[in-house]
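Every chain is numbered from 1, with letters handed out A, B, ... down the list of sequences. The figures that follow rest on heavy atoms only: side chains count, while hydrogens, waters and symmetry mates do not.
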Amino acid sequence: MSHPGGPVDLVAAVVHGGRAALVGADVRIAGSVAEVAPRMAGLAATSGPRWVWWSARYAGELVSAVGSPLARAWDLAEAHRVLHGGWKAEPGRVWAAAHGVPLSTMPEPSAGDLFDFSAADEVGPDDLVRGDGHLRADAASGWLETDDRLLAWAGAALDCAVRQRDRAQQLSPRTVGTVHSESAAALMCLELEWGGLPVDRPVMEGLIADFAGPRAASEEAAAVARRERDALVLRHVPGRESTDLRNPQQVRDMLAGVGVDVPNTRKWVLDAYRQVHPVVDALLEWRKAERISTTYGYRWLDQCVGADDRLRGGWTACDGAAGRMTAENGLHNLPAALRSGVAAHAGHVFVRADLGQIEPRVLAVVSGDPVFAEATRADDLYAPVASRLGVERPVAKIAVLAAMYGQRSGAAGEALRGLERAYPVAMGLLDRAYESGVRGEPQRTFGGRLVPTGRFLATSPVGADPALDAARGRFARNAIIQGAAAELFKAWAATVRALAGPLGGQIVLCLHDELLVHAPAEKAEEVAALVDRALADASRRWAAGAPVRFVADTSVITRWSDAKD
DNA sequence: TTGACCACGTA
DNA sequence: CGTACGTGGTCAAC
């Protein structure tokens, strides 16, 4: 280890209003984006520094001007989220946390055009840092009007990165690796937003028509069609035709009127009554069509699918809890029925890959349970677990899931006790996380991310409400597994991104344990092979020697809905 | 206009 | 439904 990740190879890049600056050990320049971007491309090709920015989003203008994808980054916002938990990570907060300045005295971010007395009192016109150690409130906005200030801004970023990296290294070397892959994931999020998900528009439009009917020519026509759809349900309940199907309370009253007494009108409750009264079946069918026409209908198609037939939405590299990626505009919750409308464009294919049984395999790594690790050698992890427990495979599967997620219903009892005996190390970790969560303690994932006690769960004091204590426990137990799985997934995706780029492959969808790579047809097999190689690389780095096997199911397809090869 | 709740799609 | 997310509907409070 000469100095991989050392300050020497960190170069801060900032951009504001068409001007940009780079600051590192061997570089200190400011200029227009058009001047700075080629310098970045040159450095990337030669010394290959790790780029530091306040967040990939702030640096997006520069990143896109460079043209070629940048691989190595230290994203201060993502690093802050890993180290300190939560989602807020604006520069003032990042700076304060990195320098140990109390958040309670942090200035409110100002628009930059208002005269701020408190800031003016404590900071000179050219000072970036206030007397109390905080960044000036307008640092990221109006203040950045000269190249000197831009250079200072880059210097501050570099300073934060060095401090964060020391902190991460102190926690564990793995935490440094987590920041690296989180930073790459943040870059990938920009590319996902820019690139979009390829769609076969005529097919998608046809699917929508199947559920929601043809495009309405006017508001009036749409209202007529809506009433006609409603009538298909309401004809089953004569005398109650005025029921508003979009109002759950009215629906519940309507159902009670025909003898269907339910606590709520959720699908999984009503499913049991499909045979009891025909209105139930009609209602559930109506809901399906209503979902498509309101959320995934023509409005969605027109607003979210561009003229180039790409579905676009915002992406974030991590949520505020365990750290999974999030996506907007249906990219993460597109109904399965619409997936045949997602198709590779001309001359291209999708290389689709998903991680098999990722959460129990992750449990084997994070717990260090040697016996459970042994089970991951099988393609189907539940088979060896079943034979060890002396139960059928479905029972073993339910027991493992129950142990990880704390399922309270169902009959997993006996098998759960078998798990405790067979895999005491893995089960012990889950139990400790649960108890720690009950006490309201934040968790840290295997990769070093701090997971704060979940939102609403922090409101009541420990012990005041047994139901809330149990919810905290479940949250914590789930977070250490879901969070670690998210870390491995991102490490994998970042590796695929780096390897597939030179072949013209582009990651177009990330779905928690599934990747969709859009690639030139003639490179299909090559890309499919590198996806598996990337998993071997990423899991070896991430699991750091744990004898745990991860498996990907990889296939080359043209439509997302297509079965494996 | 905003926030709570319901409902439901995905993993 | 174990957890998480985003979206859109209604309703009550502003």
Q: Which whole-number value in Å describes the distance from A:N264 CG to C:dT10 P?
A: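 Going from CG in A:N264 over to P in C:dT10 covers 19 Å.
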
Q: Quick one: which of B:dA11, C:dT3, C:dG9 gets closest to the side chain of A:H512?
A: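 Looking only at heavy atoms from C-beta outward on A:H512, the closest nucleotide is B:dA11.
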
Q: Whether the side chain of A:R287 and the base of B:dA7 hold a donor-acceptor pair under 3.5 Å is what I'd like checked.
A: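 Per atom types, no contact qualifies.
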
Q: Report which part of the nucleic acid A:R339 touches: base, sugar-phosphate, or nothing (heavy-atom distance under 4.0 Å, all strands).
A: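 Sugar-phosphate, backbone atoms only, no base.
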
Q: Please report the distance, rounded to the nearest Å, between CZ in A:R324 and P in B:dA11.
A: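 Taking CZ of A:R324 and P of B:dA11, I get 10 Å after rounding.
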
Q: Looking at C:dT3, C:dT7, C:dG9, which one has an atom nearest to any side-chain atom of A:N478?
A: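 The answer is C:dT3, which lies nearest to the side chain.
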
Q: Between A:S181 and A:E487, do the side chains contain an N or O donor and an N or O acceptor separated by less than 3.5 Å?
A: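 No donor-acceptor contact under 3.5 Å links the two side chains.
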
Q: Considering just the side-chain nitrogens and oxygens of A:T265, establish if one lies under 4.0 Å of OP1 or OP2 belonging to B:dA7.
A: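 Answer yes for this pair, as a side-chain N or O of A:T265 is under 4.0 Å from OP1 or OP2.
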
Q: Taking only the side-chain heavy atoms of A:N333 (C-beta and beyond), determine which of B:dC8, C:dC1, C:dG6 contains the nearest atom.
A: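 Of the options given, the side chain of A:N333 lies nearest C:dG6.
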
Q: Counting just side-chain N and O atoms, does A:R266 come under 4.0 Å of either OP1 or OP2 of B:dA7?
A: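 The answer is yes; a side-chain N or O of A:R266 sits under 4.0 Å from OP1 or OP2.
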
Q: Using a heavy-atom cut-off of 4.0 Å across all strands, would you classify A:Q482 as base, sugar-phosphate, or nothing?
A: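 A:Q482: base contact, heavy atoms under 4.0 Å.
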
Q: Select base, sugar-phosphate, or nothing to describe what A:A327 touches, counting heavy atoms under 4.0 Å on all strands.
A: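 Contact class for A:A327: sugar-phosphate only.
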
Q: More than 12 foreign heavy atoms under 6.0 Å from CH2 of A:W87: is that the case here?
A: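 Not buried by this count: 12 neighbours or fewer within 6.0 Å.
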
Q: Determine the contact category for A:R291: base if any of its heavy atoms lies under 4.0 Å from a base atom, sugar-phosphate if only primed atoms, P, OP1 or OP2 are that close, otherwise nothing.
A: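 Base contact.
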
Q: Looking at CE of A:M404 and CG of A:L429, how far apart are the two atoms once the value is rounded to the nearest 0.5 Å?
A: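 A:M404 atom CE to A:L429 atom CG measures 12.0 Å (nearest 0.5 Å).
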
Q: Between C:dC1 atom P and A:L401 atom CG, what is the distance in whole Å?
A: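 These atoms are roughly 17 Å apart.
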
Q: Using only side-chain N and O atoms of A:R477, determine if any of them is under 4.0 Å from OP1 or OP2 of C:dG2.
A: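 No, no such contact exists.
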
Q: Closest approach to the side chain of A:R246, judged atom by atom: which nucleotide of C:dG9, C:dA4, C:dT7 is it?
A: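 Minimum distance to the A:R246 side chain belongs to C:dG9.
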
Q: Please work out if A:L331 contacts a base, only the sugar-phosphate, or nothing of the nucleic acid, heavy-atom cut-off 4.0 Å.
A: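 Nothing, no heavy atom under 4.0 Å.
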
Q: Tell me which nucleotide among C:dA4, C:dG6, C:dT7 gets nearest to the side chain of A:F475.
A: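 My answer, after comparing the listed nucleotides, is C:dA4.
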
Q: Would you confirm whether A:D354, through its side chain, and A:E514, through its main-chain N or O, come within 3.5 Å as a donor-acceptor pair?
A: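 Between the backbone of A:E514 and the side chain of A:D354 there is no qualifying donor-acceptor contact (under 3.5 Å).
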
Q: Given the ring of A:Y434, does A:R474 sit roughly above its face, with NZ or CZ under 6.0 Å from the centre of the six-membered ring and within 45° of the axis?
A: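 Ring-cation test returns no.
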
Q: Can you find a side chain N or O atom of A:N247 that sits less than 4.0 Å from OP1 or OP2 on C:dG9?
A: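 It does not, given that no N or O in the side chain of A:N247 lies less than 4.0 Å from OP1 or OP2 of C:dG9.
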
Q: Which listed nucleotide (C:dT10, B:dA11, B:dG9) is nearest to the side chain of A:P335?
A: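 Selected nucleotide: B:dG9.
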
